Enquirer: 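Let me give you the structure first, and then I'll get to my questions.
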Amino acid sequence: MELCKDDVRGVSPISANVMTGEGSRLSVQRRLASRRIRVRGIDCLLTDIQAQIGNLRRERIYLRLVREDVAGMKAKRRNA
């Protein structure tokens with residue numbers, strides 16, 4: 001006697017929600033991990049940008065000092 005899927009007693013059919021529940025949890029965990037990685041990447045990028053801003057500020061200060069020095073040298077030449 002051949003049993004049909006629907007005739008199996010004692011075994012309840014598994015709903016699609018139960019079957020995908022664990023998979024969707026993994027999917028949520030993967031999405032969260034992916035977001036954490038992206039946030040970490042953005043944090044690193046912002047840290048790099050802040051370091052570059054600091055370097056540019058130091059370069060601006062140095063450039064200002066060089067310009068003042070050059071202007072002083074030009075003034076000395078005019079007065080000489």
Side-chain angles (χ1 to χ4, degrees):
M1 179 174 158
E2 203 171 308
L3 291 176
C4 182
K5 271 194 339 189
D6 298 329
D7 291 338
V8 178
R9 294 180 187 196
V11 177
S12 61
I14 299 174
S15 73
N17 291 337
V18 172
M19 289 176 65
T20 60
E22 191 170 322
S24 67
R25 259 186 260 124
L26 288 175
S27 177
V28 168
Q29 290 173 353
R30 285 182 186 146
R31 278 187 269 145
L32 289 175
S34 174
R35 286 184 184 153
R36 281 188 216 115
I37 291 168
R38 285 185 64 203
V39 167
R40 191 178 310 134
I42 291 169
D43 285 342
C44 290
L45 180 66
L46 289 174
T47 301
D48 289 345
I49 290 171
Q50 289 173 338
Q52 290 175 1
I53 289 170
N55 289 337
L56 289 171
R57 285 182 175 153
R58 284 189 291 279
E59 289 292 323
R60 183 178 61 189
I61 291 169
Y62 177 73
L63 182 60
R64 186 181 308 138
L65 293 173
V66 170
R67 283 180 176 162
E68 289 172 0
D69 193 33
V70 168
M73 290 170 53
K74 286 181 179 179
K76 283 182 183 178
R77 285 185 195 158
R78 278 189 233 134
N79 293 334

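Any value given below was found using the heavy atoms of this structure, including those in side chains, with hydrogens, waters and symmetry copies removed. Note that the structure is a prediction, hence the values are computed from the model and not measured.
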Enquirer: Does R58 have any side chain to side chain donor-acceptor pair (under 3.5 Å) partners at least two apart in sequence or in another chain, and if so, which?
Expert: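 N55.
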Enquirer: Which side chain to side chain donor-acceptor pair (under 3.5 Å) pairs, counting each pair once, include a residue from residues 66-80, with sequence neighbours left out?
Expert: none
Enquirer: Would you please test V28 and R31 for side chain to side chain contact (heavy atoms under 4.5 Å, CB included) and show each step?
Expert: CA-CA 5 Å; V28 168; R31 278 187 269 145; 3.4 Å; yes
Enquirer: Check residues 32-46 and write down every donor-acceptor pair under 3.5 Å in which the side-chain atom is one partner and the other belongs to a residue at least two apart or another chain.
Expert:
none

Enquirer: Of all residues at least two apart in sequence or in a different chain, which pass the side chain to side chain contact (heavy atoms under 4.5 Å, CB included) check with I53?
Expert: I49, R57
Enquirer: If you link ILVMFWY side chains whenever their heavy atoms are less than 4.5 Å apart, which other residues fall into the same cluster as Y62? By chain and number, please.
Expert: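 Its cluster partners, ordered by chain and number, are V66, V70.
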